[in-house]
Amino acid sequence: MPVKKADSESLRNRIIGLGEKSIHKSYYPELQNRLAELERFRSMLDQSSDIIFLLNFPDLLIYDVTTPVVTHLGWTQEELVGSSFLNILDEETSQCFQKKMDTAWHDRQEREVFTALIRGKIPMEFVCSPVVFEGNRFLIIVGQEISQRLAAEQQIRRQLFQLDTLHHIDNLITANLSLSDLLTGVLSEVRMALRANAAAIYIFDSPTKMKRIAWSADEIGVDGDTILLTTRHLPTLEYGEQILLNGNDGYDEAYSMILQRIQQYGFCAYGAEPLSTRGQIKGILEVYFRSPQEFNDDWKTLLTRVSAQVTVAVEKSQMFKHLEQAYADLNQAYDETLEGWAAALDLREKETANHSQKVVEMTIRLAHAAGIRADDLIHVRRGAFLHDIGKIAVPDSILLKPGPLSEDEWVIMRQHPVYAYQMLSKINYLKPAIEIPYCHHEKWDGSGYPQGLAGDAIPLAARVFAVVDVWQALTSDRVYRRAWPESNARKYIIDHSGTHFDPKIVEAFLKLVIADVK
Ligand code: C2E
Ligand code: SIN
Ligand code: SIN
Ligand code: FE
Ligand code: FE
């Protein structure tokens, strides 16, 4: 919803009127002070296209409002002027507003920012500034509608929630699945149950080839045959049929290849049964013996039962395998989503399209050199992509302002790491990536924001990223200034080593990332 330019004339006249009254009663130096204050207020009005309330303090009665308050919020001037500002806030907000204003008054320079839902449906952000005219205390409250911003935040929260769900699947898989461990474990059970010296599971890889997917033997070093066999070397089995071979005696031609194969590894007896689901043969279970066997009926029944269990385990492991693949695909899709947000943020700040990508690559190289473990680099990567995600909560009027920021605007801008923390800390999947978005504006000497951390207390990943961020900021065009030449940016980084930046990181950065810049 566009905000109309304020018709601030009447408000200004009334304030000036207030100032003029004081001329009759005041001494000249005091008047100078007051006029300076008046000027400050007037220039604020001139700049603003926002909703502005002027309140008496401490009773919080509305002294005046700008026209957009009337056009935008739908109250008349008469309804508002003289009534309590608390009436337009919901009860909860109005209580904490009162407390905040009392605190704010202790330091007149301080600005307070709060949000409220006006008329139960219009989300607004208010910046409150205390001022004094002629010994009378006032609050100036500048409001801005933030429904678009909230909608964008909500959409990102929804997507973040999906990421979190994904994270749970990840845990499930890593807890339950080491595919080959699972089946090897099953086979060692099989060996014990059937008193066999070795066991193998083969699965059809193609109509004429089978692949061994698990193997277990009672002697270390016995590895059986090659992983891939053609059906010539394996029995052809019908559903429910077993093949039992004991020594060399009296078997038909078809089994000679199998016998040759097992004898090669020192086995003399052999049993096999198909692994089948829904009447379809998927593979076989084989057991091997170093001594001759009887294969009585009890043993044959046991083989059948064991085969059924092995079939279940194989199916389960294959399901996991699909899940694992699906997870890898989804994971990639979600990382692409993150990169999409980063690109969207870049576009909003009028960065070039591959800007984030370049920053991320630089960060990873430097992080690796700084000794961050390979396992953690994925989090560093995500953190770097998301480093300024908190800027979605910064209004365009501030983010895209062509000139320097005012104090009030800085208050909001410095919140962007905090917004990032609020968004990302709720997401397990992105929690390990939070250090960069939250801490990238901390400075080595403790003069940064939002926490004012110093030295090693700043997470390593954030110290690494800070150098890259400032380098790329200085060497890019910004709405508020043109790009610096690379040599100037290099000098800036060196000059601020030990104050803004971790000196060790600066050293690595100069050597590794911008060695060719003089
Ligand atoms: P950004 O533009 O991505 O800048 C990141 C950081 O690079 C800044 O953090 C600062 O440490 C460094 N940097 C960038 N440009 C300059 C510069 O011209 N001079 C110096 N000395 N350092 C520079 P910082 O200062 O905390 O600012 C955070 C964000 O606030 C900036 O991100 C930008 O979005 C915004 N911002 C800062 N200054 C202005 C400004 O004058 N006008 C507007 N519209 N936005 C500003
Ligand atoms: C800063 O370095 O603190 C601000 C940079 C700027 O305003 O350009
Ligand atoms: C990380 O950011 O993932 C590691 C940070 C550290 O090693 O301090
Ligand atoms: Fe930032
Ligand atoms: Fe940035």
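Source: prediction; values computed, not measured. Both ligands and their constituent atoms are indexed starting at 1 by order of listing.
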Contact partition for K401 relative to ligand 1, non-hydrogen atoms under 4.0 Å:
both

If we ignore hydrogens and angles and just use 3.5 Å, is the side chain of H416 paired with the main-chain N or O of M413 as donor and acceptor?
yes

With a 4.0 Å cut-off on heavy atoms, does E409 reach ligand 1?
no

Do I140 and I52 make a side-chain contact, defined as non-hydrogen atoms from C-beta onward lying under 4.5 Å apart?
yes

Please classify the L400 to ligand 1 contact at 4.0 Å (heavy-atom distances, strictly less than): side chain, backbone, both or neither.
neither

Checking only N/O/S atoms, does H416 have one that is under 2.8 Å from the Fe ion (ligand 4)?
yes

Using a 4.0 Å cutoff against the non-hydrogen atoms of D469, which atoms of ligand 1 qualify?
5 (C)

Verdict with reasoning, I118 to F126, per side-chain contact (heavy atoms from CB on, under 4.5 Å)
CA-CA 11 Å; I118 303 302; F126 294 106; 4.0 Å; yes

Of all the N, O or S atoms in D388, which has the shortest distance to the Fe ion (ligand 4)?
OD1

Enumerated ligand 1 atoms positioned under 4.0 Å from heavy atoms of Y449:
24 (P), 26 (O), 27 (O), 28 (C)

Beyond-backbone contact of Y419 with K391, side-chain heavy atoms, under 4.5 angstrom
no

Below 4.0 Å from any atom of ligand 1, is there a heavy atom belonging to G403?
yes

Would L474 count as being in polar contact with ligand 1, using the rule that some N or O on each side must be under 3.5 angstrom apart?
no

If you take all heavy atoms of S497 and P503, which pair is closest and at what distance?
OG-CA, 3.3 Å

Options W471, Y492, F501, W484, ranked by nearest heavy atom to atom 19 (N) of ligand 1, top entry
W484

For ligand 1, is I398 a contact, meaning one of its heavy atoms is under 4.0 Å away?
yes

Side chains of L61 and V81, heavy atoms from C-beta outward: is any pair under 4.5 Å?
no

Within 45 degrees of the ring normal and closer than 6.0 Å to the centroid, is that where the cationic atom of R490 sits relative to W484?
no

Of all the N, O or S atoms in H440, which one sits nearest to the Fe ion (ligand 4)?
NE2

Which atoms of ligand 1 are found less than 4.0 Å from any heavy atom of H500?
11 (O)

Going by distance alone, is a donor N or O of one side chain under 3.5 Å from an acceptor N or O of the other, for H440 and D388?
yes

Of K443, H496, R478, R481, the one whose closest heavy atom lies nearest atom 15 (N) of ligand 1 is R481

Any nitrogen or oxygen of H416 lying under 3.5 Å from a nitrogen or oxygen in ligand 1? Just yes or no.
no

At under 4.0 Å between heavy atoms, is it the side chain or the backbone of R414 that contacts ligand 1, or both, or neither?
neither

Taking side chain as C-beta onward, heavy atoms only, is D469 less than 4.5 Å from V359?
no

More than 12 non-hydrogen atoms from neighbouring residues, nucleotides or ligands closer than 6.0 Å to OH on Y421, yes or no?
no

